[in-house]
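Could you have a look at this structure, given as structure tokens, before my questions?
Here the structure is a predicted model, which means the values were calculated and not measured. Note that the numbering runs from 1 along the sequence shown for the chain.
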Amino acid sequence: MRLAVLKERRAGETRVAATPETAKKLATLGCHVAVEAGAGLASGFTDAAYAEAGAEICTDAAATLFGAGVVLKVRAPLGAGEGEVDELALMHRGALLVGTLEAGANPGRAEAYAAMGLEACAMELLPRTTRAQSMDILSSQANLAGYRAVIEAAGAFDRGFPMLMTAAGTIPAANVFIMGAGVAGLQAIATGRRLGGRVSATDVRPAAKEEIKSLGASFVGYEDEESKNAQTAGGYAKQLSADFYAKQADVVAAHIAKQDIVVTTALVQGRKAPTLVTQAMVDSMKPGSVIVDIAADAGGNCAATRPGELFITPNGVKILGYTNWPGRICAAASALYARNLLTFITTFWDKEAQAPKLPEGDDIVQGVTLTRAGAVIHPSLTATKAA
């Protein structure tokens, strides 16, 4: 079974879907691993390292994909008109495509995969079950995004994080406010605490309050009957009413005005990120304060965020609206992402057939499979189409 690993071509993407470590393990399964030349360079993995791990280094996408039965990607492959290389057109009918395929926000991609006869598995749709934890790309990448967000906030902040006592006087500890206590938020809390900041946090989900306190941060937020049901069975935050968000905003507005660092992490799967920090809140902050918006890819949690940019407001607040936060710590992000995909492949590897076999009745397979046998089959997409 030939397994292809392509160079990522989407703008700003620095990660790679397999590392020399996972390429070697895939080879031991019986895969002939083909890696496009330069695929891992942005993450610090050389072609020589892949070759030493037993991979074939191919000159371009066409050579890499030739005869491949499995294709591993970080981001959705490019289609016609999306770039210089039409990656989809080079894939073989019946191939298994595994990656972050982003079909929820772009349903046309699933139609394209079906038209190509691909068995497309979108790993961002993985069910949040105990069995699936080691394959969970959202958790592994969000963890690193939360860490990186605080590190970059510290770099942008013009004072120190911890309290600094010197002969010339004392510098107070930074007040750090984390909005959203999912995987990214909890890591941001922990990192802010390690750096010596005074950390507080908020989240609409009822279970998050105790998690926030367990990390040594103080909880800030509005609670009512609606907030008691603010979490899906899969552990994601639900979209709540405008009235709830208004009341939540009232509670945090006064708090934000006193903060030096605000990190926003709130995402609702498949939807635009909710606005948590209004323009009025930004205007209330002190000059030199920093807002880090991890949700910039989905439009941002801050009303003043400019996705992809560092923006300084007229009142001197720095807003870091960078996109692809995991890609800003690409070596670690690639290592974890590649292990997630490796676990998925090995879980469904058929030793006799020397190929992956995805049982249609398996809950993980049902959760991630977008297309099979030329048809779009994922419930979320078929329901949308029917509507």
Side-chain angles (χ1 to χ4, degrees), residues 1-8 16-37 39-40 45 47-74 77 87-101 113-114 116-123 125-127 131-137 334-375 377:
M1 173 62 70
R2 184 178 178 88
L3 182 147
V5 180
L6 292 179
K7 181 193 302 182
E8 297 296 321
V16 64
T19 63
E21 174 202 5
T22 63
K24 185 174 183 178
K25 291 178 179 177
L26 288 164
T28 62
L29 289 177
C31 293
H32 178 87
V33 181
V35 178
E36 185 177 358
F45 305 115
D47 291 345
Y50 284 106
E52 188 177 342
E56 173 192 355
I57 307 302
C58 303
T59 55
D60 54 26
T64 308
L65 290 168
F66 184 76
V70 179
V71 180
L72 301 186
K73 287 279 293 168
V74 175
E87 296 171 329
L88 271 180
L90 298 172
M91 295 182 188
H92 287 248
R93 182 165 290 273
L96 172 64
L97 170 63
V98 183
T100 310
L101 303 183
Y113 305 147
M116 291 299 300
L118 301 174
E119 187 166 7
C121 292
M123 295 299 288
L125 300 179
L126 191 81
R131 177 169 167 253
Q133 280 182 343
S134 56
M135 312 173 201
D136 189 348
I137 62 167
S334 294
L336 296 186
Y337 185 90
R339 289 172 197 159
N340 292 147
L341 298 197
L342 171 67
T343 303
F344 179 76
I345 296 295
T346 55
T347 297
F348 298 106
W349 187 258
D350 187 311
K351 293 181 180 178
E352 292 185 7
Q354 290 287 283
K357 287 192 175 180
L358 307 185
E360 294 182 20
D362 187 276
D363 65 322
I364 291 176
V365 174
Q366 290 176 345
V368 302
T369 305
L370 297 177
T371 61
R372 184 184 294 120
I377 65 168

Which distance, rounded to the nearest 0.5 Å, do you find between the CG of L126 and the CZ of R131?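 The distance works out to 9.5 Å.
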What do the steps show when you test T347 against S134 for side chain to side chain contact (heavy atoms under 4.5 Å, CB included), and what is the final call? CA-CA 10 Å; T347 297; S134 56; over 6 Å; no
Could you walk me through whether L97 and T371 pass the side chain to side chain contact (heavy atoms under 4.5 Å, CB included) test, one step at a time? CA-CA 10 Å; L97 170 63; T371 61; over 6 Å; no
Got a second to check how far D136's CG is from L336's CG, nearest 0.5 Å?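 The CG atom of D136 sits 11.5 Å away from the CG atom of L336.
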Interatomic distance, L370 atom CG to I377 atom CD1 [nearest 0.5 angstrom]: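 If we round to the nearest 0.5 Å, L370:CG and I377:CD1 are 8.5 Å apart.
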Shortest non-hydrogen contact from L101 to P77?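 Where L101 meets P77 most closely, the heavy atoms are CD2-CD, 4.1 Å.
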Under 3.5 Å donor-acceptor, Y337 side chain and V74 backbone: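 Yes.
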Please give me the minimum heavy-atom distance between F45 and S334, naming the atom from each residue.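 Distance-wise, the nearest heavy atoms are CE1-CB, 4.0 Å.
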Reference residue L358; test side chain to side chain contact (heavy atoms under 4.5 Å, CB included); the match among D350, I364, V365: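 Only match with L358 under side chain to side chain contact (heavy atoms under 4.5 Å, CB included): V365.
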Minimal non-hydrogen separation, P20 against A53, with atom names: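 Reported closest heavy-atom pair: O-CB, 3.4 Å.
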Shortest non-hydrogen contact between G40 and Y50, atoms and distance: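 The pair with the smallest heavy-atom distance is CA-OH, 3.9 Å.
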For the pair R2 (side chain) and F66 (backbone), establish whether a donor and an acceptor sit closer than 3.5 Å, ignoring hydrogens and angles.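 Yes; judged by distance alone, with no hydrogens or angles, the pair exists.
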Look at the side chain of T22 and the backbone N and O of A18, then say whether any donor-acceptor pair between them is shorter than 3.5 Å.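 Judged by distance alone, no pair lies under 3.5 Å.
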For a 4.5 angstrom cut-off between non-hydrogen side-chain atoms, does E87 reach V71?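 They are not in contact (no side-chain heavy atoms under 4.5 Å apart), so the answer is no.
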Which atom of C121 lies closest to which atom of F344, heavy atoms considered: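 Residues C121 and F344, closest heavy atoms: SG-CZ, 4.1 Å.
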Please check if the number of heavy atoms outside E52 that lie under 6.0 Å from its CD is greater than 12.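 Incorrect, the count does not exceed 12.
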If every non-hydrogen atom of N340 is compared with every non-hydrogen atom of I137, which pair is closest and at what distance?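 Closest approach of N340 to I137, heavy atoms only: OD1-CA, 3.4 Å.
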Judged by atom type as modelled, is there a donor-acceptor pair below 3.5 Å linking the side chain of H92 to the main-chain atoms of G67?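 Present.
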When rounded to the nearest 0.5 angstrom, what distance separates CE in M135 from CG in L342?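 The CG atom of L342 is 10.5 Å from CE of M135, to the nearest 0.5 Å.
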Quick one, L26 with L72, criterion side chain to side chain contact (heavy atoms under 4.5 Å, CB included). Give me CA distance, side-chain angles, the key distance, then yes/no. CA-CA 12 Å; L26 288 164; L72 301 186; 4.2 Å; yes
Backbone N/O of T343 and side chain of T346: donor-acceptor pair under 3.5 Å: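 Looks like yes, one N/O pair under 3.5 Å.
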Nearest-0.5 Å distance, CE of residue M91 to OH of residue Y113: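 Between atom CE of M91 and atom OH of Y113 there are 8.0 Å.
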Atom pair OG1 (T100) and CD (E8), whose distance is rounded to the nearest 0.5 Å: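 With rounding to 0.5 Å, OG1 (T100) is 8.5 Å from CD (E8).
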Please check this pair: side chain of E36 against backbone of T64, looking for a donor-acceptor N/O pair closer than 3.5 Å.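 No, E36 side chain to T64 backbone: no donor-acceptor pair under 3.5 Å.
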For the residue pair M1 and P356, establish whether any side-chain heavy-atom pair is separated by less than 4.5 Å.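 M1 reaches P356 side chain to side chain.
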